[in-house]
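Residue numbers begin at 1 in each chain, while the letters A, B, ... track the order of the sequences.
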Amino acid sequence: MSAYWIALRIVQEILRDRRTVAFILLVPLVVMTLVYYAVSEDEQGKLGVISRGTARLFEGDLVRALEDEKDVRLVTLPIPDDEADPAVIERRIREMLRLRQADGVLYLDEKLLLDRFDGRQGKLNLYLEGSRPTVTALVLKAISGAMDDLAAAMPVVIDASCSAACANSVNNKAMQLEKHYLYGSEDYRTIDFFLPVFPPFFVFFFTFILATVTFQRERLRGTLERLLIAPVGLPQVVLGYVGGFFLFSGVQAAIILAFVLALLGFAVTPAQVGSIVAVTALMLVIALLLGLTLSFTAQSEFQAVQFIPLVILPQVFLSDLIWDINAFPLPFQWLSWVLPLTHANAVMRNVLLKGQPLWQSWPPLLTLTGFGLAVLAALALMTRRKHALGGAE
Amino acid sequence: MLSLEHVVKQMGSVRAIDDLSLDVPEGMLFGLLGPNGAGKTTLLRLVMGLLRADSGRITLFGRLPPTDPAVPRLLGYMPQQLAVYPGLSVVENIAFYGHLYGIAGAELRRRTERLLEMVELTPRRKSPVGQLSGGMVRRVMLATTMVHQPRLLILDEPTAGVDPLLRLKFWEWFGDLRAKGTSIIVTTHHISEASRCHRVVFLRAGRVLEQGPPGELMARYGSADLEAAFVAATRGAESNSAAGVQ
């Protein structure tokens, strides 16, 4: 019978805490939705095909062969059909790759057929974005599948100047695929795509948890009230927290960084290491401010703890950490824009995988700074309303 | 020292402070008495600027509003909760609060020693506060509240959960502090122990029910102790309001 009363008491308490009820019911649905979109959509590379001169004769065959490949989706590139200058075409292709309008572009230039007729293999140019090894692998796999069909579509060489043996060797010769990487090289491994985002992710994750719980404890214990009536301003409280956490998060970040540098399959410059440290430090401050602010809105330690999955889970799924955000419906893509980790991940990959200097990532850095300032403003507003502390008789 | 004029504070659907006026002269040990929910803590939070009054006027030290930047250094506050850091030692807790108020070095060490002596915790100076008994933690709190030598000390239920012998000790310390020039406002629902105050106020439903020196109030209600006087005053008010309703 006692068990009945204990159960009843628990039901009554939880039912009266609407936030907890909503949390229990909604979080599994949100997580399942995210998992559904993350894993149900097979990843595809975006591939463009451009041909010029006599090579245009074979574009149709190649496109048909590629359409049968599940690993790529063909995209049309906005390059004028009458643009014939190879240098201009190459520049435009690189621009399309940089803007991620395509992950790869297959360029059949006018020399393809001429080379074949001259008894050479014939060359296909494949331009690859290169910073996403999994997508690059999909594009390469699809192209290799379609190459036989393209070779079969090529005219057979029957020429008096070429003996039967010679003609046979050319006709059966696979075409040469010349790869041009916009970023990185063939050596990039799948893990190299994920390693750069580890330092900001782990520092954000642990600092947020520590800040949320520590600040909530300070609040419930009554020590926050004592801080607020002491001659201590909000900037000093925030700076104090940043300083206190910096030591631990700094050591943690250093360990993660050393681990990442040891595992990365390519050399990293001191400037790149400096950029990782700068972005990780910025994420530490943002995690701290967010933890303090959300702690203020929680009425109990339990409510504060609920913020941890609410803040962390969407960022795991929607920040381009593991899954491509383009696999998610539009509302989730909009949501990803307001998640700080989305921008931190973009900066890290720009710096490490694309080899860009830090300043070139100014849009995501500016967004991150704006996010931090907005959270700071919210925190300042809340601490001005000191009665938000609650607990008055 | 502290003056409240027609102060009103609504907390949700409850009028926590209802047109309350009060004067606390300097150098006094002033008791704020009332049952749970009478508005004692709300009143203290208004005085410290943690809450803003809906109407009325509060002035401290003759002319300062609670939000004046000079006020924090002149106020000491000991809340009901055990508001110290359990992972820090007794001395570290005192030092932390000292540093917040700009006290450091030899001066901080001198004050710490004196406070440890006062609250009789010198032998436990290095013990983590989390390992101390409830009564000892209350003593640590008093020490941390006094480290910046405030002119006005606000104590919210300082003897809650404290054994009777230690309660007596606390009241002795309050008397010593007052004798050294600190004004003290103390809330308690151990009403009989407030007879040591120079002046007490009986609060009920956010209003002043009675106020005056304890002896005078006891005489007014023909009671042998302050608690009996408080009960008589409360019952009188209840029967008056019941008559008013009828």
If you compare all heavy atoms of [X] against all heavy atoms of [Y], which two are closest, and at what distance to 0.1 Å?
X	Y	answer
A:Ala230	B:Pro72	C-CB, 3.9 Å
A:Thr223	B:Tyr85	CB-OH, 3.4 Å
B:Gln81	A:Leu220	NE2-O, 3.4 Å

Name the region of A:Gln236, side chain, backbone, both or neither, that has any atom closer than 4.5 Å to a heavy atom of chain B. neither
Quick one: what part of B:Val84 sits under 4.5 Å from any heavy atom of chain A, side chain, backbone, both or neither? both
Within 45° cone and under 6.0 Å: A:Arg226 NZ/CZ vs B:Tyr97 ring: yes
Is the CZ atom of B:Arg110 crowded by more than 12 outside heavy atoms at less than 6.0 Å? yes
Hey, are the side chains of A:Ile229 and B:Leu75 touching, using non-hydrogen atoms and a 4.5 Å cut-off? no
Is a side-chain donor or acceptor of A:Arg221 paired with a backbone partner of B:Leu82 at a separation under 3.5 angstrom? no
